[in-house]
Novice: 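Sharing a structure here in structure tokens format.
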Amino acid sequence: MNKVFGIKPAATSWLAIGLLSLTAIGCGDSGKETAAPETASAETSADSRADHIRKTTATINGTRIQAAASSEPGNWLAHGRTYDEQRYSPLKQINTETASDLGLAWYWDTGTTRGLESTPIVVDGVMYNSGSWSMVWAHDAVTGELLWEYDPQVPREWGVYACCDVVNRGVALWQGKVYVGTIDGRLVALDAATGDVVWDVKTTPEGKPYTITGAPRVVKGKVIIGNGGAEYGVRGYITAYDADTGDEEWRFYTVPGDPTKPFENPAMEHAASTWRGGEWWKVGGGGTVWDSMAFDPELDLLYVGTGNGSPWNRYIRSPGGGDNLYVSSILAIDPDNGALVWHYQTTPGDSWDYTATQHMILAELTIDGEPRDVLMQAPKNGFFYVIDRKTGEFISAENYVPVTWATHIDKETGRPVENPEAQYANETKLVFPAPYGGHNWHPMAYNQDTGLVYIPALDIPFAYGQDNAFKYNERTWNTGVDVTQTSPPKDPDTLAAALGMVKGHLSAWDPVNQKEVWRVQHEMSWNGGVLTTAGNLVFQGRADGHFAAYAADTGEMVWEAPVHVGIIAAPVSFEVDGTQYVSVVAGWGGAYALASGVPRHKSNVLTEGRILTFKVGGDVELPEPQVTYLDIPTPPASDASEAVIAQGDTLYHTQCSVCHGPGVIASGGSLPDLRYSSAAVHDSWNAIVRDGAYTGKGMAGFAEVLTVEESNAIQAYVISATNLAIEMCKGDYRENYPETVGNACVRASVEP
Ligand code: CA
């Protein structure tokens, strides 16, 4: 038993099963996606709208984005609104006084069921969003009318490589073009007026398990794009493309390649000296730049955050020790040529998936009486960092969530002091934070008026154990972490205790004094990104299917509205014709939703995503979802032995649960809950699981990974889990223990 929590690590390890229960499945789709609804628009008005877009977007460039903080309060031109990524809107028509009168101006259902993580870009009344499978939509920002849509036709089987859902965090806009990175590794430039493709380049090597989910940034006429895939084993890098032509201008790798070959640059030679033993280059090394960037035009530095090493486990990745540069690092790069200027590594020799790809904010803070140009980040490792962004010098760091892997960050060296109790080479250890992080990709915000940074924080533990049988496989997750004890506890009290450890909150953090000023505790983890405004407000959507506004100085909730679907994306604010709007994209999904096995909240009931826009006095009503309870179909009889079911349990939690959920509880709702498998699915089990009969829905075939016997064992385990759920749903179980059975018995069907 764990002394601190009184819960065995095995009881909590399932929380991260998706992360742990690695391997090939790559999340497919429920097959529910439908064509976007038609919207009628007269041709003449479409033409004039296209002219309007051409006129208003042709001049978007670095000067405009740089000046937008003061000169364009009504627009949201870039991912973090401005290059400093503060996500602070200077608008204040919506404020602590008027927020209570907020109402819906419009909403638009996306027709997709996967996670939505997009930050809208809004330019002079036109809104651009990306969605599942890297689709792009342009809407009239005042009416919600769809102006155009673009589907890059990502082959659905590429979902096998999307560790954390087929999401996309947004587009970039520059001189009349919209840029989007695609799940299958392309960077596409679209005509902002029509959505027509201008150019389309493949930015990742053919056949390698890279994916793109992050928003591009455009700096000095170059589109900067990274990629993901460190769990599958890739070498991280970022690339700059000419915004006009799509020609490659430079590429910077974040980790060294094969040291017997020439190094690309001095930074790689230096980095290689920090990797000792092992053959990391065969697994790729990791360090992927899958999300965060910022740009300082005056210092002329581009900042990027890098991800975890491949595999996670450093005892396998670099058994001789070393920091393993530049994984889990903040890099300052010369945007003209891609040369490394400085680096700061948040987690040297990372062994816990503690990426530093999280949101970075640039600001001026007064520290010890002196104005300092700083970069702030709350990476997964649980510490909030303030760094001098000119030099990379460490200024300060304190933990913003409970942290057990390190005791503190040493003020002299800027290095963490590791807790030996978090080293899991010889013994499984329960560690805070989990691989989900104390904070993940969900954007923070910095309010210049309150001086506070608002962090969408996660409180989740994780049990790490050494995988002594680790063997690299390109189609599976490569973590080097043991995944054999990932089945959720079946005892309801143990399960409830484990669930009780999983929380989320909104933290208002004073970066100068490195302390929390207020917090809003949420019922669930994995809530939305954050927006702050000059109206003394912080907006955040929640996992419980609500969108809310809090006073930026006190944290008092001043408004909330149900939207019936969980929100993970960050809101934006903009103004058109004197009216201020706040928009957010709602769509439950991402790593935690797919993989945690923690059920959706009872008010997060829709699986279909929607874009919502609010204004003071808005009076559009959302339809109330009709929730019905569906009985679980009786599965086919099985005479499998306990040993076969146990084998199926282990295989399921190595191959399947990353998408279908631990314990066969599909908590996200966007992928099939296998307990509801029909007789036809059970009849065609091996055709689907091994032969790829559902490839078009994103369910790749696993014939290379699973034998018929193994596939049958997984089916036996699924049947056993189904029977358990049917048993649990009887009597008053639905009322008393809804959280312990996931969505089964609780919400099986929603009829809008
Ligand atoms: Ca990772």
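One-based numbering along the sequence shown. What's counted below: heavy atoms across the whole structure, side chains too, no hydrogens, waters or symmetry copies.
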Novice: Not counting sequence neighbours, which residues clear side-chain contact (heavy atoms from CB on, under 4.5 Å) with Glu157? List them please.
Specialist: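 Pro155, Thr695.
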Novice: Can you tell me if Thr239 and Arg251 form a side-chain donor-acceptor pair at under 3.5 Å?
Specialist: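 Yes.
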Novice: Just by distance, with hydrogens left out, do Arg81 and Thr119 show a side-chain donor and acceptor under 3.5 Å apart?
Specialist: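 Side chains of Arg81 and Thr119: no pair found under 3.5 Å.
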Novice: Check the side chains of Asn478 and Glu231 for a donor-acceptor pair under 3.5 angstrom, ignoring hydrogens and angles.
Specialist: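 Short answer, no.
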Novice: For the pair Arg276 and Asn324, evaluate side-chain contact (heavy atoms from CB on, under 4.5 Å) and give the outcome as yes or no after the intermediate values.
Specialist: CA-CA 8 Å; Arg276 294 173 197 144; Asn324 293 185; over 6 Å; no
Novice: Ring pair (Phe, Tyr, Trp, His ring centres under 6.0 Å) with Tyr464: which of Tyr424, Trp405, Phe432?
Specialist: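 Per the ring pair (Phe, Tyr, Trp, His ring centres under 6.0 Å) rule, the option paired with Tyr464 is Tyr424, out of Tyr424, Trp405, Phe432.
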Novice: With a 3.5 Å cut-off and no angle check, do the side chains of Asn337 and Glu249 form a donor-acceptor pair?
Specialist: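 No - no donor-acceptor pair under 3.5 Å links their side chains.
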Novice: For the backbone of Thr112 and the side chain of Ser132, can you confirm whether one donor and one acceptor N or O come within less than 3.5 Å of each other?
Specialist: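 Here the side-chain-to-backbone pair does not exist.
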Novice: Under the side-chain hydrogen bond (donor to acceptor under 3.5 Å, both in side chains) rule, what pairs show up with a residue in residues 262-274, not counting sequence neighbours?
Specialist: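 side-chain hydrogen bond (donor to acceptor under 3.5 Å, both in side chains) check on residues 262-274 returns Arg235-Glu264.
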Novice: Can you confirm whether or not the ring centre of Tyr150 sits under 6.0 Å from the ring centre of Trp137?
Specialist: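 Judged by ring-centre distance (under 6.0 Å), Tyr150 and Trp137 do not meet the cut-off.
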Novice: Salt bridge check, Asp323 against Arg415: does any charged N sit closer than 4.0 Å to a carboxylate O?
Specialist: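 Looking at Arg415 and Asp323, the cut-off is met.
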Novice: Go through the steps for Trp588 and Leu116 under the test side-chain contact (heavy atoms from CB on, under 4.5 Å), then give the verdict.
Specialist: CA-CA 7 Å; Trp588 187 240; Leu116 296 174; over 6 Å; no
Novice: Can you name the ring pair (Phe, Tyr, Trp, His ring centres under 6.0 Å) partners of His439, sequence neighbours left out?
Specialist: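 By the ring pair (Phe, Tyr, Trp, His ring centres under 6.0 Å) rule, His439 matches no residue at all.
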Novice: Can you confirm whether more than 12 heavy atoms, excluding those of Lys282, are under 6.0 Å from its NZ atom?
Specialist: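 No, the 6.0 Å shell around NZ holds no more than 12 heavy atoms from other groups.
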Novice: With ring centroids as reference points, do Tyr344 and Tyr385 lie under 6.0 angstrom apart?
Specialist: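 So the answer is yes for these two rings.
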Novice: Check Tyr454, Trp526, Tyr436 against His442 for a ring pair (Phe, Tyr, Trp, His ring centres under 6.0 Å) and give me the one that passes.
Specialist: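 Answer after filtering Tyr454, Trp526, Tyr436: Trp526.
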Novice: Please work out which of the three classes, parallel, tilted or perpendicular, describes the rings of Tyr400 and Trp509, given edges at 30° and 60°.
Specialist: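 Perpendicular: the ring planes of Trp509 and Tyr400 meet at over 60°.
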Novice: Return the set of residues passing salt bridge (Lys or Arg N to Asp or Glu O under 4.0 Å) with Asp200 (not counting sequence neighbours), or none when no residue passes.
Specialist: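 Testing Asp200 for salt bridge (Lys or Arg N to Asp or Glu O under 4.0 Å), a comparison that skips the adjacent residues, returns Arg186.
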Novice: Indicate whether any N or O donor in one side chain lies under 3.5 Å from an N or O acceptor in the other, for Thr355 and Gln358.
Specialist: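 Looking only at side-chain atoms, Gln358 and Thr355 do form a donor-acceptor pair, the distance falling under 3.5 Å.
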Novice: Check the angle between the aromatic planes of Trp477 and Trp312 and answer parallel, tilted or perpendicular using the 30° and 60° thresholds.
Specialist: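 Geometry flag for Trp312 against Trp477: perpendicular rings.
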Novice: Who pairs with Lys380 by side chain to side chain donor-acceptor pair (under 3.5 Å), at least two apart in sequence or on another chain?
Specialist: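 Side chain to side chain donor-acceptor pair (under 3.5 Å) check on Lys380 returns Asp353.
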Novice: Suppose the criterion is ring-ring contact (aromatic ring centres under 6.0 Å, His included): which pairs have a residue in residues 247-266, not counting sequence neighbours?
Specialist: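 As it turns out, the ring-ring contact (aromatic ring centres under 6.0 Å, His included) pairs with a partner in residues 247-266, which skip direct neighbours, are Tyr237-Tyr253.
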Novice: Would you say the side-chain atoms of Ser130 and Arg169 include a donor-acceptor pair closer than 3.5 Å?
Specialist: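 No, because no side-chain N or O of Ser130 sits under 3.5 Å from a partner of the opposite role on Arg169.
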Novice: Around Lys208, counting heavy atoms of other residues, nucleotides and ligands shown, do more than 12 lie under 6.0 Å from its NZ?
Specialist: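 Atom NZ in Lys208 is not crowded, with 12 or fewer foreign heavy atoms closer than 6.0 Å.
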